[in-house]
Asks: 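This is the structure I have questions about; it appears just below.
Numbers here simply count residues along the sequence, with the first being 1.
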Amino acid sequence: MNSATPRSETVRVTDILRNQIIDGIRLPGERLVERNLADELGVSRVPIREALKQLASEGLVTTRPNTWSTVREFSPSDIADLNEVRAVFDVLIFELAAQRHTREGLARLESAMRRGRELSQNGDVVGAHRSAAEFHAIVTELTGNELLGEIGALLDSRMRWQLSQHDDLDVVATEHAELFDAIARRDQTKAGELAGRHLGTSQDQHDKHTERLARAIEEKRSEPEDSPEQDSPEGE
């Protein structure tokens, strides 16, 4: 007997769909049909509907009245808007984390940093991306600023998505180690400078990832199709 409450089912379904979108399992522009998702995940359409509403509010899903939703396709303008906000937000949280971190918080940040490097070295792309997102989330917590925490929660899914676009995991792991060192030494100026550089790396990684995907799609489209005659039995 399924003892899950409607609320817990909605949370579970939301987590599944969010991770599938961020991890690239569900691609930009893909249709999200309530009936199909309900069958796939073994739930009623109610938690699916609520999950899609939540993901739309997080900026990962585009809803269309009286039809299906789709995985959001981030435009260059969307990315530019996000980077403008992060240019202020990221620098501020790293500077404040360097100033205000506690011993317990610093230990958690170091654990996330080391885990990210290990996953990167092992070639665990999804794990490394998730660990990178956790690193940034912990930095926000270390500021001790509740309002920044609320803003971070609003940006979280978009930032996780952007971090998932990074192909060079070693570069991210190395920069996180440098950021951790600046925070541990309470060097606010250095932490702010490195945060600005880290955002530049994020932008560069996203651009390269987009270009790589575009080339892959173009190459796939240019592949010759099999000749119908080759698939037909002889004599037909």
Side-chain angles (χ1 to χ4, degrees), residues 22 58-60 72 74-103 105-121 125 127-213:
I22 291 173
E58 295 176 16
L60 295 180
R72 181 172 180 176
F74 285 87
S75 68
S77 178
D78 293 330
I79 302 302
D81 289 347
L82 177 58
N83 287 335
E84 283 184 352
V85 174
R86 287 191 60 190
V88 178
F89 181 81
D90 284 23
V91 171
L92 180 58
I93 63 170
F94 277 98
E95 288 179 345
L96 291 180
Q99 178 187 36
R100 301 175 179 176
H101 71 262
T102 63
R103 181 178 300 176
L106 189 65
R108 289 174 54 222
L109 188 63
E110 182 176 19
S111 178
M113 181 267 292
R114 292 187 181 279
R115 185 163 55 253
R117 178 175 290 281
E118 181 179 349
L119 291 168
S120 172
Q121 292 172 344
V125 176
H129 287 157
R130 291 183 179 182
S131 184
E134 180 186 11
F135 181 88
H136 282 258
I138 293 174
V139 171
T140 303
E141 292 179 26
L142 296 186
T143 68
N145 185 307
E146 292 186 5
L147 183 55
L148 283 175
E150 293 176 12
I151 296 171
L154 290 173
L155 295 174
D156 183 65
S157 289
R158 291 178 175 86
M159 288 182 62
R160 283 183 59 193
W161 174 83
Q162 191 172 42
L163 290 170
S164 75
Q165 308 299 296
H166 296 177
D167 293 331
D168 195 335
L169 303 178
D170 290 338
V171 169
V172 175
T174 297
E175 292 192 358
H176 278 186
E178 294 172 348
L179 284 161
F180 170 79
D181 183 63
I183 291 173
R185 291 186 288 103
R186 297 191 185 276
D187 189 337
Q188 290 178 253
T189 301
K190 188 65 174 178
E193 291 175 355
L194 289 173
R197 192 182 78 185
H198 188 53
L199 178 57
T201 297
S202 179
Q203 295 170 346
D204 183 58
Q205 288 276 307
H206 176 268
D207 291 343
K208 289 180 178 179
H209 181 83
T210 301
E211 291 173 3
R212 181 180 64 79
L213 287 181

Asks: Which pair of heavy atoms, one from V91 and one from G196, lies closest together, and at what distance?
Replies: CG2-N, 4.1 Å
Asks: Could you tell me whether the side chain of R160 and the main chain of A133 form a donor-acceptor pair under 3.5 Å?
Replies: no
Asks: Nearest 0.5 angstrom please: I22 CD1 to D156 CG, how far?
Replies: 7.0 Å
Asks: Considering all heavy atoms of both residues, which atom of G127 and which atom of L119 are nearest to each other, and what is their separation?
Replies: O-CD1, 3.3 Å
Asks: Measure across A98 and A182 and return the closest heavy-atom pair with its distance rounded to 0.1 Å.
Replies: CB-O, 4.3 Å
Asks: Has T143 got a side-chain atom pairing as donor or acceptor with L96's backbone, closer than 3.5 angstrom?
Replies: no
Asks: For the atom pair CZ (R108) and NE2 (H101), what is the distance rounded to the nearest 0.5 Å?
Replies: 13.0 Å
Asks: So, H198 side chain and L194 main chain: donor-acceptor pair closer than 3.5 Å or not?
Replies: no
Asks: Would you indicate whether the side-chain heavy atoms of H129 and H166 approach each other to under 4.5 Å?
Replies: yes
Asks: Using the ring centroid of each side chain, check whether H136 and F94 are separated by less than 6.0 Å.
Replies: yes
Asks: Quick one: list whatever passes salt bridge (Lys or Arg N to Asp or Glu O under 4.0 Å) with E193, sequence neighbours left out.
Replies: none
Asks: Going from CD1 on I183 to CD on Q188, what distance comes out if it is rounded to the nearest 0.5 angstrom?
Replies: 11.0 Å
Asks: Check salt bridge (Lys or Arg N to Asp or Glu O under 4.0 Å) between D181 and all other residues, then give those that pass, not counting sequence neighbours.
Replies: R185
Asks: Is the closest side-chain donor-acceptor distance between S111 and R115 under 3.5 Å?
Replies: yes
Asks: Measuring only between side-chain heavy atoms, which start at C-beta, is H176 closer than 4.5 Å to L179?
Replies: yes
Asks: Can R72 and R158 be said to form a side-chain contact (heavy atoms from CB on, under 4.5 Å), step by step?
Replies: CA-CA 11 Å; R72 181 172 180 176; R158 291 178 175 86; 3.8 Å; yes
Asks: How far does CZ of F74 sit from CD of Q162, to the nearest 0.5 angstrom?
Replies: 9.0 Å
Asks: Holding to salt bridge (Lys or Arg N to Asp or Glu O under 4.0 Å), I want the full list of residues that pass it with E175, two or more places apart in sequence or in another chain.
Replies: none
Asks: Hey, does L106 have a side-chain heavy atom less than 4.5 Å from the side chain of E110?
Replies: no
Asks: Of all heavy-atom pairs between G105 and L142, which one has the smallest distance, and what is that distance?
Replies: CA-CD2, 3.4 Å
Asks: Would you check if M113 and L109 make a side-chain contact, meaning some heavy-atom pair closer than 4.5 Å?
Replies: no
Asks: With distance as the sole test, does S131 use its side chain to make a donor-acceptor pair with the main-chain N or O of A112 at under 3.5 Å?
Replies: yes
Asks: At their closest point, which heavy atom of T140 faces which heavy atom of G149, and how far apart are they?
Replies: CG2-CA, 4.0 Å
Asks: With rounding to the nearest 0.5 angstrom, report the CH2 to CD1 distance, W161 to I79.
Replies: 4.0 Å
Asks: Would you say the side-chain atoms of Q205 pair up with the backbone N or O of D167, donor to acceptor, closer than 3.5 Å?
Replies: yes
Asks: Is there side-chain contact between K208 and D168, with at least one heavy-atom pair below 4.5 Å?
Replies: no
Asks: With no hydrogens and no angle check, do the side chains of D78 and S75 hold a donor and an acceptor under 3.5 Å apart?
Replies: yes
Asks: Are the side chains of K190 and E178 in touch, meaning some heavy atoms are under 4.5 Å apart?
Replies: no
Asks: Atom CD in Q121, atom CG in L169: separation rounded to 0.5 Å?
Replies: 11.0 Å
